[in-house]
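What follows is a set of notes on a single structure, which appears directly below.
Atoms within a ligand are numbered from 1 in the order they appear, just like the ligands themselves.
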Amino acid sequence: MAAILASIPAVAVAAPVRETRQRNVARAAAVPARVTRTMQLSSKTAMAGVRMQTAARATRATRATVVAVQANKYADELLETATNMTKPGKGILAMDESNPTCGGRLEALGIENIEENRRRYRDVLLTTPNLGEHCGGAILFDETLYQSATDGRTFVQVMKDHGMYPGIKVDTGLRPLANSNGEQWCQGHDQLAERCAAYYEQGARFCKWRTVVSIPAGPTMQAVKVAADGLARYGAIAQNAGLVPIIEPEILLDGDHTIEQNFEVASLVWAETFKCMMDQGVMLDRILLKPSMVAPGADCEKKASAEEVAALTLKMLNSRIPPCVPGIMFLSGGLSELDSTLYLNAMNQTANPWHISFSYARALQNTVLKTWAGDDDNKEEAQKILARRAKENGEAQMGKFDVTKSETEGASMYVKGYVY
Ligand code: 13P
């Protein structure tokens with residue numbers, strides 16, 4: 001036994017495990033004296049008894065010291081939330097733009113960036129009739145979670161009436177990564193447990209953390225590891241507060257990289273993210289992923305077809321993502337409204353281990369915002385467009401989108417260096 005334990009490389013074993021094993025080795029080494037005495041009694045039964053006692057002591061010591069039984073009082077609820085959000089034909093409406101980002105988009109249409117206008121725009125989105133048919137949830141920004149619709153209901157209640165789960169962005173944004181060539185890291189761990197608890201209290205049941213990886217700025221291993229570690233620590237905290245975490249390491253569209261280069265980077269990023277999530281004890285069957293599709297950079301001359309994007313994205317996912325993960329809810333990342341739907345549809349032509357769907361912001365909202373343009377006389381028309389975009393993506397989730405029947409725009413929405 002001592003030989004077996006001694007053969008376990010110490011570097012591969014966490015410190016408390018190592019200490020326990022060393023104690024067990026010491027105990028095992030002490031056994032022969034007792035065994036000798038027992039054997040003098042020439043009793044095979046006594047010998048077996050000693051072995052069992054020794055084994056039992058070792059097991060007790062190991063359990064008491066290293067096996068912490070994970071008790072998450074929200075475990076069942078997390079599973080229920082993730083399951084309900086990944087029903088056939090359902091995705092997520094991402095509408096969690098920070099005040100400066102939402103405001104920037106409003107101002108581009110001549111609408112003043114004040115709280116009331118942000119609320120009015122979110123009212124257009126959330127009171128869209130039958131929104132819950134294709135959106136299992138919507139991700140909100142802090143401000144929106146506490147606001148009310150024009151008809152007096154809280155936005156949380158509006159969502160509940162649709163049968164949708166309220167979600168919340170919990171990261172606090174990107175910052176320059178020190179000593180890097182323009183890479184970024186995502187902050188927001190301070191008071192995260194407390195903030196998640198308050199959001200749960202307010203009705204949120206899932207949350208999002210978006211970090212980014214830039215191919216032209218690196219990506220360095222340092223940046224990838226920081227991104228993965230941050231996501232994993234956030235994921236563990238969110239689950240302990242009853243929120244299903246969306247894990248979003250966005251690989252930015254910026255750059256002239258090829259689709260193959262994107263594949264390599266995405267494979268690396270997801271490998272690191274899963275390693276870190278396992279280290280942090282994140283329950284992988286109670287998370288949602290929000291990846292970028294594996295596509296060429298916006299400035300790459302060699303474009304890719306929907307089939308090529310789908311094939312390489314699925315190849316990457318199949319080699320990296322365990323089948324127990326319930327849902328893969330893509331971001332649109334500046335793809336055109338039409339491309340984001342076509343790519344999703346192409347990925348759902350095969351049977352996949354996970355629910356493959358959408359969590360789009362720009363690809364759902366773009367035409368809606370332009371149509372509303374701050375004037376409530378256009379509200380109904382804008383809502384019809386959102387309902388159509390949600391329906392088309394719901395069809396794409398089931399692999400049934402028919403482009404010949406669509407009026408959706410194919411214009412790219414890529415904005416260099418877009419800040420969310
Ligand atoms: P886009 O679909 O606009 O890329 O939004 C991504 C996002 O993270 C929103 O939550």
Side-chain angles (χ1 to χ4, degrees), residues 85 91-102 104-105 108 121-122 125-126 135-145 164-174 184 186 188 204 206-214 227 230-231 234 238 243-254 262 266 269 287-295 297-298 309 313 327-344 356-370 386 389-390 392-393 396-397 408-409 411-420:
M85 289 182 64
I92 296 172
L93 166 62
M95 46 177 285
D96 57 312
E97 295 87 354
S98 62
N99 289 347
T101 305
C102 178
R105 304 191 74 202
Y121 174 53
R122 267 71 185 249
L125 299 176
L126 288 175
C135 294
I139 317 171
L140 313 180
F141 188 61
D142 179 277
E143 173 180 275
T144 320
L145 188 68
M164 291 167 68
Y165 285 96
I168 181 80
K169 170 187 170 79
V170 296
D171 67 76
T172 55
L174 300 166
Q184 293 173 290
C186 180
F206 73 103
C207 58
K208 165 194 136 164
W209 178 284
R210 171 184 178 262
T211 190
V212 297
V213 173
S214 163
L231 284 164
Y234 137 78
L243 304 178
V244 171
I246 292 186
I247 307 293
E248 181 179 359
E250 175 170 350
I251 295 166
L252 297 168
L253 199 57
D254 302 63
N262 191 338
V269 168
I287 59 175
L288 296 170
L289 308 186
K290 185 159 170 166
S292 315
M293 293 178 194
V294 177
V309 170
T313 306
I328 299 187
M329 323 300 277
F330 283 98
L331 59 93
S332 58
L335 296 173
S336 76
E337 294 186 326
L338 189 59
D339 279 350
S340 62
T341 308
L342 287 170
Y343 295 176
L344 181 62
I356 293 200
S357 193
F358 61 94
S359 173
Y360 298 155
R362 279 166 281 178
L364 281 173
Q365 291 184 43
N366 217 38
T367 310
V368 180
L369 177 57
K370 279 197 274 179
L386 179 57
R389 290 296 298 135
E392 288 181 341
N393 286 303
Q397 193 293 307
T408 292
E409 276 190 39
S412 164
M413 290 176 301
Y414 169 68
V415 176
K416 204 176 171 90
Y418 184 76
V419 179
Y420 207 76

Exercise for the section: Give the atoms of ligand 1, by number and element, whose distance to some non-hydrogen atom of R210 is under 4.0 Å. Expected result: 8 (O)

Problem - Atom indices of ligand 1, in the order listed, that fall short of 4.0 Å to a heavy atom of K208 - result: 7 (C), 8 (O), 9 (C), 10 (O)

Practice task
Apply the test side chain to side chain contact (heavy atoms under 4.5 Å, CB included) to residues D96 and I168: give CA-CA distance (whole Å), side-chain angles for both, the deciding distance (0.1 Å), then the verdict.
Solution key: CA-CA 7 Å; D96 57 312; I168 181 80; over 6 Å; no

Problem - Within-cut-off N or O pair, A363 and ligand 1, under 3.5 Å - result: no

Problem - Ionic contact status for E97 with R122, cut-off 4.0 Å - result: yes

Handout entry: Part of E250 within contact of ligand 1 (heavy atoms, under 4.0 Å)
Key = neither

Problem - Contact partition for R362 relative to ligand 1, non-hydrogen atoms under 4.0 Å - result: both

Handout entry: Check: D96 N/O within less than 3.5 Å of ligand 1 N/O
Key = yes

Exercise for the section: Give yes or no for whether the N/O distance cutoff of 3.5 Å, strictly under, is met between Y360 and ligand 1. Expected result: no

Handout entry: Test item: F358 and E392 side chains (from C-beta on) under 4.5 Å apart, heavy atoms
Key = no

Handout entry: Nearest-option assignment for atom 6 (C) of ligand 1, heavy atoms, candidates Q365, E97, M95, K290
Key = K290

Practice task
For ligand 1, find out whether one of its N or O atoms is nearer than 3.5 Å to an N or O atom of G333.
Solution key: yes

Exercise for the section: Give the numbers and elements of all ligand 1 atoms closer than 4.0 Å to a heavy atom of S332. Expected result: 1 (P), 2 (O), 3 (O), 4 (O)

Problem - Pairwise side-chain contact, Y234 with D171, heavy-atom cut-off 4.5 Å (strictly under) - result: no

Handout entry: side-chain hydrogen bond (donor to acceptor under 3.5 Å, both in side chains) involving S357 - partner list, sequence neighbours excluded
Key = none

Problem - Heavy-atom pair of closest approach, residues C102 and Y121 - result: SG-CD2, 4.5 Å

Problem - Under 4.0 Å to a heavy atom of A94 - the qualifying atoms of ligand 1, by number - result: 9 (C), 10 (O)

Practice task
Taking all non-hydrogen atoms of both residues into account, name the closest pair between N393 and T341 and its distance.
Solution key: OD1-OG1, 2.9 Å

Completion exercise
Here the atoms of ligand 1 under 4.0 Å from any heavy atom belonging to E248 are 6 (C), 7 (C), 8 (O)

Handout entry: side chain to side chain contact (heavy atoms under 4.5 Å, CB included) partner of S359, chosen from M329, K208, E248, M85
Key = M329

Practice task
Find all atoms of ligand 1 within a distance of less than 4.0 Å from any non-hydrogen atom belonging to A361, and give their numbers and elements.
Solution key: 1 (P), 2 (O), 3 (O), 5 (O), 9 (C)

Practice task
Please identify each residue that fulfils salt bridge (Lys or Arg N to Asp or Glu O under 4.0 Å) with D339, with sequence neighbours left out.
Solution key: none

